[in-house]
Each structure stands twice: as C-alpha cells, then as structure tokens.
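Accompanying notes for the structure given below.
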Amino acid sequence: VKDEIIMWIQDAESKLIELAEATPENKYAYRPGKGVRSTGEVFMHVASANYGIPSFLGVKPPEGFDLATFEKSKTKKADIVQTLRASFEHMGTALKGMSEEDMEKPAEFFGMKTTARGAYLLILSHCHEHLGQSIAYARSNGVVPPWTARMEAEMAKKAGKSGESKTTN
C-alpha cells in the first residue's frame, strides 16, 4: 500500500509542479471569486498540508512553519514553486522512511482518529483535490496543463504521420 501511495502522490506532485511552472506569474493572484484561495494560495495550501499533516505524526516541519499562516506567506511564483517542491521532498522523505509497522500507528488530527497510513492517504487525496482545482484555475486563465499539451501534440503528430501514409499509398 505504501508504494502505491507514494506512486500516486508523485503523480500529483509532478503535475502540480508542472502546472505551477506553466502558470504565468501574473495569474498567481487570480481567484475565481471573493473569499476563495488565489492560484498561488492553492499551491501554498498543498505545501502547507505536506508539512502540516506529517507534523501530527512527529515529523518536524521547517523552522518557523505555522499551519495557520503558511499558505499566505509567499506570493511570488519562484518562491511558491520552490516551496511546493521542498514540501513534497520533505513529506516524501518522511513517508518513504516509515516502516510498515509505523504506518499502522494511531494518529489524531483535525478531530479525526486514524493511522499514519490514513494521514498519508489524506495527503494523497488532498493533493489530487487541489490538482483538480489548479487545473480549473489554469484553464480559466488560458493555460493548458503541460501533460495535456504534450498528449495533444503527440496525437497530432501521430495523426499527421497516418495522414502522410494514406496520401503516399
């Protein structure tokens, strides 16, 4: 189970970072409505959970980390992308270092009783939830997710090759 959790977290990580890099700096302040997170705050919210949830399991977050204020602590694209990367590295190192026995240890946070495994499953679902949100924000701002752009380019290339072969036959 741990290996599968790691695999799917890495999937969300790569897509979130690619999307953060593809989003223009001037779109980091975009928010689709009053009272909701901006694009930059969504990326920082993911980073906040990557540091905060493992802290409930005894994993020490970076010096000065405050779960209540972290997601608004950075506003520049380069700082946010770097923070997002560092948060995944921090959380991933903690997860990979856990034994199967450690994964079964009880944990409690946000009023919920679970296990360390449950905490990392929460991180997994949280990452994908906010990946979806980030995709919607990006598309609202004319940004095509990079993995989609690659897939579309590959499909167009294949269609072009098959079209060439039909005309030469």
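Keep in mind the model is a prediction, meaning the values are calculated, not measured.
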Linking I/L/V/M/F/W/Y whenever any side-chain heavy atoms sit under 4.5 Å apart, do [X] and [Y] land together?
X: Leu84; Y: Met91; result: yes
X: Leu16; Y: Met44; result: yes
X: Ile9; Y: Ile135; result: yes
X: Val144; Y: Tyr28; result: no
X: Leu67; Y: Leu122; result: yes

> Between Ala116 and Ala107, what is the shortest heavy-atom contact and its length?
Replying inline: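 Residues Ala116 and Ala107, closest heavy atoms: N-CB, 4.2 Å.
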>> Quick check: closest heavy atoms across Tyr30 and Ser140, and the distance to 0.1 Å?
In response: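 Distance-wise, the nearest heavy atoms are OH-CB, 3.6 Å.
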Please round to the nearest 0.5 Å and tell me the distance separating atom [atom1] of [X] and atom [atom2] of [Y].
X: Ile53; Y: Leu121; atom1: CD1; atom2: CG; result: 11.0 Å
X: Leu131; Y: Ser125; atom1: CG; atom2: OG; result: 12.5 Å
X: Leu95; Y: Ile6; atom1: CG; atom2: CD1; result: 4.5 Å
X: Glu13; Y: Glu89; atom1: CD; atom2: CD; result: 9.0 Å
X: Leu19; Y: Ile17; atom1: CG; atom2: CD1; result: 11.0 Å

>> Run the side chain to side chain donor-acceptor pair (under 3.5 Å) test against Tyr120 and tell me which residues pass, sequence neighbours left out.
In response: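 For Tyr120, no residue satisfies side chain to side chain donor-acceptor pair (under 3.5 Å) once neighbours in sequence are set aside.
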> Residues in side chain to side chain donor-acceptor pair (under 3.5 Å) with Ser87, at least two apart?
Replying inline: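 Once residues adjacent in sequence are excluded, the partners of Ser87 under the side chain to side chain donor-acceptor pair (under 3.5 Å) criterion are Asn50.
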> Could you go step by step and tell me if Val36 and Glu41 meet the side-chain contact (heavy atoms from CB on, under 4.5 Å) rule?
Replying inline: CA-CA 9 Å; Val36 297; Glu41 288 168 353; over 6 Å; no
Are [X] and [Y] side-chain neighbours, meaning at least one heavy-atom pair lies under 4.5 Å?
X: Val143; Y: Pro24; answer: yes
X: His130; Y: Arg37; answer: yes
X: Thr23; Y: Thr39; answer: yes
X: Ser48; Y: Phe65; answer: yes
X: Ile123; Y: Phe88; answer: no
X: Thr83; Y: Phe70; answer: yes

>> Side-chain heavy atoms under 4.5 Å apart, restricted to Ile/Leu/Val/Met/Phe/Trp/Tyr: what other residues fall into the cluster of Met151, or is it alone?
In response: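 Answer for Met151: Met155.
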> Tell me the ring pair (Phe, Tyr, Trp, His ring centres under 6.0 Å) pairs involving residues 5-25, sequence neighbours left out?
Replying inline: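 Listed once each, the pairs would be none.
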[X]: which residues meet the salt bridge (charged side-chain N to carboxylate O under 4.0 Å, His left out) condition with it, sequence neighbours left out?
X: Glu21; value: Arg85
X: Lys60; value: Glu63
X: Asp11; value: Lys15
X: Glu18; value: Arg150

>> Quick test of your reading: applying side-chain hydrogen bond (donor to acceptor under 3.5 Å, both in side chains), list the pairs with at least one residue in residues 95-112, sequence neighbours left out, ordered by first then second residue.
In response: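 side-chain hydrogen bond (donor to acceptor under 3.5 Å, both in side chains) check on residues 95-112 returns Ser99-Asp102, Asp102-Lys105, Glu104-Arg117.
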>> Once ring pair (Phe, Tyr, Trp, His ring centres under 6.0 Å) is applied, do any residues pair with Phe56, and if so which ones, sequence neighbours excluded?
In response: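 Applying ring pair (Phe, Tyr, Trp, His ring centres under 6.0 Å) to Phe56 gives Phe109, Phe110.
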>> Tell me every residue that passes ring pair (Phe, Tyr, Trp, His ring centres under 6.0 Å) with His90, counting only those two or more places apart in sequence or in another chain.
In response: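 In terms of ring pair (Phe, Tyr, Trp, His ring centres under 6.0 Å), with neighbours along the sequence ignored, His90 is linked to Tyr51.
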> Is it true that a side-chain atom of Asn141 and a backbone atom of Tyr137 form a donor plus acceptor pair closer than 3.5 Å?
Replying inline: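 Between the backbone of Tyr137 and the side chain of Asn141 there is a qualifying donor-acceptor contact (under 3.5 Å).
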>> Does anything in residues 127-144 form a salt bridge (Lys or Arg N to Asp or Glu O under 4.0 Å)? List the pairs, not counting sequence neighbours.
In response: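 Those involving residues 127-144 do not exist here.
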>> With side-chain hydrogen bond (donor to acceptor under 3.5 Å, both in side chains) as the test, pick out the partner of His45 among Gln133, Glu71, Lys72.
In response: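 Exactly one pass, corresponding to Glu71.
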